[in-house]
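What follows is a short report on a single structure.
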Amino acid sequence: MGRLISIASGKGGVGKTTVTANLGAALAKLGNKTLIIDADIAMANLGLYFSLHSAPITLHDVLIEDIDIHDAMYDGPFGLKIVPSGLTFNAYRKADPDKLKSAIAPLADEFDFVLVDVPAGVDAAARSAMASTKEMILVVTPDPASLIDATKTRIAAEQLGVHPIGAIVNMRRGEKWEAPRKKIEEFLELRVLGEIPEDPEVRKTLQLKRPVPVVVRRENSPAAKSFIAIAAKLSGKTVKRKKGGLLDRIFSIFRRR
Ligand SMILES: Nc1ncnc2c1ncn2[C@@H]1O[C@H](COP(=O)(O)OP(=O)(O)OP(=O)(O)O)[C@@H](O)[C@H]1O
Ligand SMILES: [Mg+2]
């Protein structure tokens, strides 16, 4: 049975969509059958991370006309599948978020991981998105506003029977004012699964002519390495190291003696 996981936050702009795109790509890279879904049906932008801005069938069609969600799945890197939402206001208005749960629940039989990008806040749309999953990862930034909002989302999730499995601290800059990892764990009463540094390579993604998440484009960037480490922790798979260069190989011969 696969895992259905909400990627939620409370506060807007802390990196839910970035985490969904990159953690999804990282899980797929490690060999997990992975699907990511844009349940931010009002302000959809997950598809943009994979150049799917003109996808002909989207989650909106699933939520309006009961179209099979498989018809709204597109191929991404490493075998990752993506369900984008549409970009028009009109389609959003017609979409019924209460249909999400029945569309997503059966996918646990098919995928190892289904990550659902949840809208900010705790209103009906966010709650429907969370309720379509069993587990939740809270994305926070290391500042008071984000942490306070995350606690509300956590309570909303628990009321829906969704189990919070941990937090991802995003956009860590190493500034003095930032809450340290241990304090965040104490405050949220949740373990931190990993920390993603503020990394200009991440911000660049949507500025590219053909956007590709940083995990795919720059696997050795600091943010990509953190995403891959979290994916390895979540799936229990180890990160394969690339064979070293000439010097590494020479030293390994000496080490063997
Ligand atoms: N680790 C990072 N380093 C640098 N920039 C980042 C990082 N994570 C996210 N960003 C940038 O921050 C902005 C907000 O990220 P994102 O859209 O993923 O947040 P969100 O929580 O999904 O927002 P919303 O609540 O509007 O859905 C984007 O421009 C993104 O590129
Ligand atoms: Mg988002």
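Just so it is clear, the model here is predicted, and its values are computed rather than measured. Counting convention: from 1, in listed order, for ligands and their atoms alike.
If you check the side chains of Lys16 and Ser9, you find a donor sitting under 3.5 Å from an acceptor. No side-chain N or O of Asn90 forms a donor-acceptor pair with one of Thr88 less than 3.5 Å apart.
With Asn170, Ile168, Thr205, Asp199 as candidates, the residue nearest to atom 1 (N) of ligand 1 on a non-hydrogen basis is Asn170.
Under the side-chain contact (heavy atoms from CB on, under 4.5 Å) test applied with Leu46, the options Asp40, Ile36, Ile37 reduce to a single match, Ile36. With Leu100 as the partner, the side-chain contact (heavy atoms from CB on, under 4.5 Å) test is satisfied by one option alone out of Ile41, Leu59, Val116: Leu59. Checking each of Asn45, Thr18, Thr17 against Asp117 for a side-chain hydrogen bond (donor to acceptor under 3.5 Å, both in side chains) leaves exactly one that passes, namely Thr17.
No donor-acceptor distance shorter than 3.5 angstrom exists from the side chain of Arg181 to the backbone of Glu195, with no hydrogens or angles considered.
The nearest N, O or S atom of Thr17 is closer to the Mg ion (ligand 2) than 2.8 Å.
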Evaluate the side chain to side chain contact (heavy atoms under 4.5 Å, CB included) criterion for residues Thr133 and Val118: first the C-alpha distance (whole Å), next the side-chain angles of each, then the deciding distance (0.1 Å), finally the verdict.
CA-CA 10 Å; Thr133 64; Val118 174; over 6 Å; no
Met171/Val202 under side chain to side chain contact (heavy atoms under 4.5 Å, CB included): CA gap, chis, key distance, verdict
CA-CA 10 Å; Met171 296 195 231; Val202 175; over 6 Å; no
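Close approach of ligand 1 to Gly12 (heavy-atom distance below 4.0 Å) involves ligand atoms 25 (O). Taking every non-hydrogen atom of Val14 and a distance limit under 4.0 Å, the qualifying atoms of ligand 1 come out as 19 (O), 21 (O). Interface of Asp40 with ligand 1, defined as ligand atoms under 4.0 Å from a residue heavy atom, comprises 27 (O). Applying the 4.0 Å criterion to heavy atoms of Ile196 picks out, from ligand 1, the atoms 1 (N). Ligand 1 places these atoms under 4.0 Å from at least one heavy atom of Pro197: 1 (N), 2 (C), 3 (N). Below 4.0 Å from some heavy atom of Glu198 lie the following atoms of ligand 1, by number and element: 3 (N), 4 (C).
More than 12 heavy atoms of other residues, nucleotides or ligands sit less than 6.0 Å from atom CZ of Phe113. Other residues, nucleotides and ligands contribute at most 12 non-hydrogen atoms within 6.0 Å of the NZ atom of Lys101. The neighbour count for Gln207 CD, taken as heavy atoms of other residues, nucleotides or ligands under 6.0 Å away, is above 12.
The shortest N or O to N or O distance between Asp117 and ligand 1 is not below 3.5 Å. Looking at Ala223 next to ligand 1, no N or O pair under 3.5 Å apart turns up. Taking any N or O of Asn45, backbone or side chain, none lies under 3.5 Å from an N or O belonging to ligand 1. On a distance-only criterion, Gly15 and ligand 1 share at least one N/O pair closer than 3.5 Å. The shortest N/O to N/O separation between Gly13 and ligand 1 falls below 3.5 Å. Ligand 1 has no nitrogen or oxygen under 3.5 angstrom from a nitrogen or oxygen of Ser9. For ligand 1, none of its N or O atoms has an N or O atom of Lys11 under 3.5 Å away.
Annotation: atom 30 (C) of ligand 1 to nearest protein heavy atom, Thr18 OG1, 3.8 Å. Nearest non-hydrogen protein atom to atom 17 (O) of ligand 1 is Tyr49 OH, 3.9 Å. Looking only at heavy atoms of the protein, atom 7 (C) of ligand 1 is closest to Val202 CG1, 3.4 Å. Annotation: atom 25 (O) of ligand 1 to nearest protein heavy atom, Lys16 NZ, 2.7 Å.
Taking CG of Asn32 as the start and CZ of Arg3 as the end, the distance is 10.0 Å to the nearest 0.5 Å.
Distances from ligand 1 to the non-hydrogen atoms of Arg203 include at least one value under 4.0 Å.
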